[in-house]
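What you are looking at is a predicted structure, and each value in this text was computed from that prediction instead of being measured. For the numbers below, each heavy atom of this structure counts, side chains included, while hydrogens, waters and symmetry mates do not.
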Amino acid sequence: MRTRFDQQLGKLNVELITMGALCEEAIGLVADALTRGATVKSNEISSLEVRIDHKERDIESLCMKLLLQQQPVAGDLRVISSALKMISDMERIGDQAADIAEILQYITDAETESKSHIAEMAAAAGRMVTDAVSAFVSKDPQQAKAVMAYDDQVDGLFARVKEDLTAMILENPKNGENCLDLLMIAKYFERIGDHAVNIAEWVMFSITGRHEKDGRA
């Protein structure tokens, strides 16, 4: 019985890695379009969003089977419940990548320093998602803590973006609409970083039984 359960837990890890990779691909797609001044093809991002949603349902189904068909002990229950929380955050990441793609349709091809900072935010957020999922699979609390700490980098980049865009608007009010679109994109990437932190916090809970945000068991 336990062997079968461990096999299904292994499958859960593989499914989570796959979902995390899809999220990273979606982030990379919109980040690349931003830096190239191009728009994302709607069918590309839509396909990724659908695949992420399907993966969420597949993982939910697997978790329910683990809960109902097996006899998980306390540690197993933490792992399964954490996985269910993690996929909710990953699903939101897919939605936000799609929202960014929609906004990109209205961004002009003007080169700005803010674009490079936003691209850095995107790269950092994608890395955070990947590392958080990896920490869950490897049960590595240090990697999970590193993800949480790295969020400061994303927040710092967001502050720089706001400063740059504010200066652009003051210099030429005609830049206002374009700057607001860029600011909204930056905010979405900041939120993606926050979701990665949420995932890392649930990783810590799955390992220690304590949630880092409030310290409660």
Subject >> Sub-4.5 Å side-chain heavy-atom contact between Leu165 and Asn175 >> reply: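 Of all side-chain heavy-atom pairs linking Asn175 with Leu165, none is under 4.5 Å.
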
Subject >> Close side-chain approach of Leu182 to Asp164, heavy-atom, < 4.5 Å >> reply: no

Taking the side chain from [X] and the backbone from [Y], do they hold a donor-acceptor pair closer than 3.5 Å?
X: Ser82; Y: Trp202; answer: yes
X: Ser61; Y: Asp58; answer: no
X: Ser206; Y: Val203; answer: yes

Atom [atom1] of [X] and atom [atom2] of [Y]: how far apart are they, to the nearest 0.5 Å?
X: Ile93; Y: His195; atom1: CD1; atom2: NE2; result: 6.5 Å
X: Thr130; Y: Ile27; atom1: OG1; atom2: CD1; result: 7.5 Å
X: Met90; Y: Asp95; atom1: CE; atom2: CG; result: 13.0 Å
X: Met64; Y: Ile80; atom1: CE; atom2: CD1; result: 8.0 Å

**OP:** Give a yes/no verdict on a cation-pi contact between Arg127 and Tyr150, requiring under 6.0 Å between NZ or CZ and the six-membered ring centre and an angle within 45° of the axis.
**Re:**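 Output yes; distance and angle both within limits.
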
**OP:** Would you check if there is a donor-acceptor pair between the side chains of Arg57 and His54 at a distance under 3.5 Å?
**Re:** yes

**OP:** Compute whether any side-chain donor of one residue and acceptor of the other, for His117 and Arg160, lie under 3.5 angstrom apart.
**Re:** yes

Original post:
Is Asp89 salt-bridged to Arg92, cutoff N-O under 4.0 Å?
Top reply: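 No.
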
Original post:
Restricting to pairs with a member in residues 168-179, which pass salt bridge (Lys or Arg N to Asp or Glu O under 4.0 Å), not counting sequence neighbours?
Top reply: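 Residue pairs passing salt bridge (Lys or Arg N to Asp or Glu O under 4.0 Å), neighbours aside: none found.
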
